[in-house]
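The analysis underlying the following values was restricted to heavy atoms, covering all of them including side chains, and did not include hydrogens, waters or symmetry mates. First the proteins, then the strands, lettered A, B, ... as listed; each starts at 1.
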Amino acid sequence: MKPFTYERAASPTEAATAAARQPGARFIAGGTNLLDLMKLQIETPAHLIDVNGLGLDRIEETQEGGLRIGALVRNTDLAADARVRRDHAVLSRALLAGASGQLRNRATTAGNLLQRTRCPYFYDTNMACNKRRSGSGCSALGGYSRQLAVVGGSDACIATHPSDMAVAMRVLDATVETVKPQGATRTIPIADFHRLPGDTPEIETVLEPGELITAVTLPKPAGGAHHYRKVRDRASYAFALVSVAAIVQPDGSGRVALGGVAPKPWRSEEAEADMPRGARPVMAKLLAGAKPTEENKFKLPLAERALAAVLAEAKG
Amino acid sequence: MKFDTPATTNPIDRLKIVGRPTDRIDGPLKTTGTAPYAYERHDVAPDAAYGHVLGSAIAKGRIASMDLTAARAAPGVLAIVTAENAGKLGKGEYNTATLLGGPEIEHYHQAVALVVAETFEQARDAVEMIEVEYGRAEGAYDLAAARDAAKPSGKDDEPADSRVGDFDSAFAAAAVRLDATYTTPDQSHAMMEPHASIAAWQGDRLSLWTSNQMVAWSVGDMAKTLGIAKEKVHLMSPYVGGGFGGKLWVRADAVLAALGARAAKRPVKVALQRPLMINNTTHRPATIQRIRLGADRDGRLTAIGHDSWSGDLPGGKPETAILQTRLLYAGANRLTRQRLAELDLPEGNSMRAPGETPGMMALEIAMDEMAEKLGLDPVEFRIRNDTQVDPEQPKRPFSQRQLTECLRTGAARFGWARRKPQPRQVRDGRWLVGLGMAAAYRGSPVVKSGARVRLDAKGIVTVETDMTDIGTGSYTIIAQTAAEMMGVPLDKVVVRLGDSAFPVSSGSGGQFGGNSSTAGVYAACVKLREAVTARLGLNAAAAEFIDGQVRSGDRAIALADAARAGELVAEDEIEFGGLDKKAQLSTFGGHFVEVAVDAATAEVRIRRMLAVCASGRILNPKSARSQVIGAMTMGAGAALMEDLVVDKRHGFFVNHDLASYEVPVHADIPHQEVIFLDETDPMSSPMKAKGVGELGICGVAAAVANAIYNATGVRVRDYPITLDKLLEKMPDVG
Ligand SMILES: Cc1cc2nc3c(=O)[nH]c(=O)nc-3n(C[C@H](O)[C@H](O)[C@H](O)COP(=O)(O)OP(=O)(O)OC[C@H]3O[C@@H](n4cnc5c(N)ncnc54)[C@H](O)[C@@H]3O)c2cc1C
Ligand code: SF4
């Protein structure tokens with residue numbers, strides 16, 4: 001860990017402004033991801049801005065009948081919220097499938113969205129990694145790639161986004177609210193929030209320097225039956241090989257997003273139009289253009305089978 | 001005390017304290033966080049500086065240059081140790097690669113520097129400022145590719161090859177044959193406490209507080225590495241947060257703490273950071289195993305062949321995966337061969353039941369496959385091929401062998417009769433359910449072990465031995481032994497372990513520690529009893545030590561009285577005089593497992609596990625059970641997830657932290673049961689006990705594999721059995 005300076009911001013706008021002013025500044029929320037990365041010098045911020053005291057830890061109902069989730073709401077609190085459990089159950093289930101109780105007590109909504117990949121080469125600073133050091137190469141290509149992306153990757157990076165929560169938010173059509181330095185705000189649909197790696201895998205979202213997430217808003221309840229199926233190598237406390245977030249309506253129509261397969265939660269509205277016809281046609285479209293490695297090509301049939309199991313369960 | 005005739009009745013047989021389920025006497029210290037582990041010895045070294053290790057960024061080659069300028073100038077830095085400035089260093093007898101690399105690099109994350117600083121954070125930060133230029137050399141990292149160049153490798157008592165009868169002809173002529181190849185991956189001990197040490201010099205004398213299983217070996221290797229006399233090294237390892245064989249030796253933390261303390265002129269503490277542990281220290285090497293079995297139609301084995309390949313650094317040793325095959329099943333024609341390839345991966349070495357763990361992973365799937373070919377129940381097939389003598393030397397019996405009893409008891413208790421012999425017959429909702437079993441086998445070596453016992457005027461019995469407790473419960477069984485021998489309650493016994501100032505013990509490894517170290521305490525207590533009766537003027541042969549008294553005829557004297565005129569001290573060691581050559585000392589068991597496999601995703605979930613063990617007298621059923629369920633858990637990990645993934649381009653284990661090297665969590669292990677058969681083994685020691693902590697893992701993974709086969713009909717011969725290996729053959733969903 002490199003030495004760094006630290007401040008507590010007084011308001012969201014001030015936090016954003018301070019971040020823009022200080023080169024190499026980062027926000028710190030729960031710290032469960034950032035601190036680990038700092039210890040290994042994968043991240044080396046010169047300055048930390050603590051956003052824990054900004055009053056962004058509330059869940060409010062919106063006029064549209066949705067929920068506005070503060071950026072600092074802890075994963076544990078979000079999963080346990082009665083309104084979330086009733087109306088957006090896929091989100092509760094996704095959260096509870098992630099990490100451990102202790103981590104969820106610290107982890108925040110914004111931090112979870114912005115957690116970085118678990119690609120093992122990203123974690124070893126002796127290894128080339130374009131995401132960690134732009135232009136150094138990608139060790140995972142031709143290396144150990146079992147956990148990594150089958151779709152949406154590039155020749156520069158095939159890392160996955162490891163979040164469970166984000167997959168549920170994608171299927172719920174959430175929007176991300178931010179404040180920029182000097183106080184301008186904007187709303188970003190979750191679909192546009194994470195970027196595909198292309199030639200610049202080090203840039204993971206559309207956030208601008210200093211831009212602070214203030215909340216994530218869920219639209220009014222989508223109805224239907226909510227499923228989150230996380231497939232992993234051990235029963236708990238493991239990242240997804242593949243996860244399926246699905247909302248299935250009584251008529252068989254619905255929505256589906258995948259985790260564990262791509263650099264961002266993976267959803268296609270065109271593909272899910274085929275849900276009444278079963279998992280195969282959905283996956284044919286959703287995973288079209290997939291470029292798996294020898295080690296992770298099993299994720300393609302696995303995703304299809306996991307969705308098929310979800311659809312079968314939804315039918316009862 | 002020489003142990004060269006079978007044990008007869010002795011005070012241990014009273015079983016007033018030994019053999020009863022007993023809470024750990026060190027439990028309160030551990031549950032309150034007050035047991036002093038090596039890294040936390042603020043009491044002895046309050047001013048310790050912090051050392052942090054830099055591991056090599058390449059697997060093989062040379063350091064071309066190393067620039068320490070920036071690191072030296074970093075805040076708080078007190079000293080930097082490298083091979084260049086450390087002076088001449090030797091290499092420990094038990095180490096394959098040197099513990100401080102440079103300029104030659106032998107494996108990835110080999111230590112190349114230690115930075116010592118005032119704070120942990122300063123040391124860690126400064127390590128990253130060291131600029132190293134490497135000259136990379138080609139290395140061999142792929143066992144399968146190196147297999148053909150592998151050479152026979154063995155030792156005097158474990159030769160590389162063994163042959164009995166004519167395997168080739170018998171196999172060719174067998175009515176039913178199996179010829180299959182199995183692989184097991186490299187695995188990590190992954191214990192909770194990392195390798196950690198504090199070193200302090202007083203002149204030319206070194207005090208080392210460390211986490212180590214084998215105190216005397218490690219004193220020797222510290223001395224050898226540093227080029228000082230053994231007498232100058234005082235090593236203390238009273239509490240060890242798990243070892244599993246990874247702490248049998250001195251590792252970089254200990255040597256670098258000593259060198260760092262010398263350079264910084266003050267005590268230095270070093271803990272290996274988790275991401276370094278996997279490539280810097282030792283691991284269980286991967287194996288490729290070919291097993292050939294031939295049997296007649298009745299299911300009697302006529303030919304048993306087992307070839308094993310593993311790799312290690314030049315000068316290293318093989319994973320002895322064929323050993324159990326020499327001893328487990330009858331069969332007239334036998335062939336085992338052990339081959340070792342040179343690889344430039346980190347050092348392979350012992351991990352819980354080395355040899356038998358991977359060996360049984362393969363052999364016990366092969367037995368399941370063979371039983372199916374023969375149309376026999378797998379339990380019955382094993383029983384049919386049981387033997388009471390060493391099959392390679394039929395004049396040599398097993399001292400005790402209750403394999404059949406273990407299997408029958410296990411089958412009855414587990415409800416084995418309900419198993420469907422045809423695979424993929426049982427469905428429970430979304431799950432395919434199956435049962436599997438395997439035999440358990442592990443040798444039970446005995447090792448010379450010494451102890452000192454003291455009796456004071458308060459009647460307190462204090463035991464001192466350099467034996468270690470690596471979480472196994474040594475403190476407690478040693479206390480039970482002394483209490484039983486001296487006729488006092490447990491709370492009158494104090495046990496002091498893990499200090500090189502104490503008599504040399506067996507140490508903890510190879511499941512020899514429990515039996516050997518308590519036998520050493522037994523020997524010392526016999527001497528103390530003699531001293532007590534002599535002082536009290538009683539007839540030693542007739543005296544009974546009971547309820548804090550010594551009784552002889554109609555006299556009953558308080559034990560404490562013997563020490564009124566001054567503390568009594570007795571020291572002795574148990575020396576094993578060859579009974580283990582006359583008879584084979586081994587432990588046996590049966591593992592039974594029920595699994596459920598998700599029909600859609602092929603995720604495997606264990607539902608219940610049972611182990612039945614026959615392993616001599618169980619000194620403390622409570623801690624023995626803990627040992628076995630821990631071993632079963634580790635076996636489940638081996639079956640389902642544990643896999644150090646080799647990057648064959650760069651030559652290292654990629655998943656070098658606990659986020660990516662997965663071991664079982666609670667949710668993976670819902671229900672475990674352990675049964676110990678009543679057994680005493682007078683050939684083994686006066687304690688009549690044997691090992692159990694390693695028996696518990698042997699065969700578990702194969703039982704899981706066989707259960708998966710029974711559930712799904714998919715036979716996987718390459719561990720771990722992850723869902724991608726099953727998926728293709730799973731039923732249609734929907
Ligand atoms: C052992 C382990 C297992 C895990 N398993 C899982 C799992 O199975 N599934 C899963 O989904 N996750 C898992 N996680 C990840 C966990 O969910 C994340 O670490 C956590 O959600 C991050 O939240 P945080 O608040 O601690 O973020 P921090 O570490 O504080 O921050 C993460 C990033 O977000 C930025 N940031 C934080 N707040 C804001 C804001 N308001 N605006 C802009 N930027 C911000 C920070 O600058 C930083 O870059 C695991 C983590 C660990 C350590
Ligand atoms: S996949 Fe991405 S994160 Fe992994 S090594 Fe390649 S560039 Fe780095």
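The candidate from Gly55(B), Ala667(B), Ala600(B) with the greatest count of non-hydrogen atom pairs under 4.5 Å with chain A is Ala600(B). By number of non-hydrogen pairs under 4.5 angstrom with chain A, the leading residue of Ile58(B), Asp732(B), Val663(B), Val604(B) is Val663(B). When each of Met641(B), His666(B), Glu603(B) is scored by its heavy-atom pairs under 4.5 Å with chain A, the top score falls to Glu603(B). Most heavy-atom pairs under 4.5 Å with chain A, from the set His656(B), Glu728(B), Glu121(B): that is His656(B). Among the candidates Lys315(A), Arg118(A), Gln147(A), Met127(A), the residue making the largest number of heavy-atom pairs closer than 4.5 Å to chain B is Met127(A). Among the candidates Lys299(A), Lys2(A), Gln41(A), the residue making the largest number of heavy-atom pairs closer than 4.5 Å to chain B is Gln41(A). Per-residue heavy-atom pair counts under 4.5 Å with chain A were compared for Val654(B), Asn655(B), Ile669(B), and the maximum is reached by Val654(B). In terms of heavy-atom pairs under 4.5 angstrom with chain A, the leader among Arg605(B), His650(B), Met129(B) is Arg605(B). Contact count versus chain B (heavy atoms, under 4.5 Å) is highest, among Arg234(A), Glu313(A), Glu295(A), for Arg234(A).
Looking at Glu204(A) and Lys131(A), a side-chain N of the basic residue comes within less than 4.0 Å of a carboxylate O on the acidic one, giving a salt bridge. Taking a cutoff of 4.0 Å between a charged side-chain nitrogen and a carboxylate oxygen, Asp598(B) and Arg229(A) qualify as a salt bridge. The residues Asp164(A) and Arg232(A) are annotated as not salt-bridged, no charged nitrogen and carboxylate oxygen being separated by less than 4.0 angstrom. Residues Glu138(B) and Lys60(B) are not paired through a salt bridge, judged by the lack of any N-O separation under 4.0 Å between the basic side chain and the carboxylate.
Using a 4.5 Å cut-off between heavy atoms, Lys39(A) touches chain B through backbone and side chain atoms alike. For His109(B), the part lying under 4.5 angstrom from a heavy atom of chain A is the side chain only. Residue contact with chain B, scored on non-hydrogen atoms closer than 4.5 Å, is absent for Leu311(A). Proximity to chain A (any heavy atom under 4.5 Å) is shown, for Thr601(B), by both the backbone and the side chain. Heavy atoms closer than 4.5 Å to chain B are found in both the backbone and the side chain of Ala235(A). Residue Ala599(B) touches chain A through its backbone alone, counting heavy-atom pairs closer than 4.5 Å. For Leu658(B), the part sitting under 4.5 Å from any heavy atom of chain A is the backbone (N, CA, C, O) and nothing else.
Within 6.0 Å of the CZ atom in Arg649(B), the count of heavy atoms belonging to other residues, nucleotides or ligands exceeds 12.
Across Asp36(A), Asn33(A), Leu37(A), a single residue satisfies side chain to side chain contact (heavy atoms under 4.5 Å, CB included) together with Gln115(A), and that is Asn33(A).
Ring-plane geometry between Phe652(B) and Tyr108(B) is classed as tilted, the angle between the planes lying from 30 to 60 degrees on a 0 to 90 degree scale.
To the nearest 0.5 Å, the span separating CE on Met730(B) from OG1 on Thr712(B) amounts to 6.0 Å. Here Thr633(B) contributes atom OG1 and Asp668(B) contributes atom CG; the two are 9.5 Å apart, rounded to the nearest 0.5 Å.
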For this session: Could you please spell out the steps behind the side chain to side chain contact (heavy atoms under 4.5 Å, CB included) verdict for Phe239(A) and Thr160(A)?
Result: CA-CA 10 Å; Phe239(A) 290 95; Thr160(A) 49; over 6 Å; no

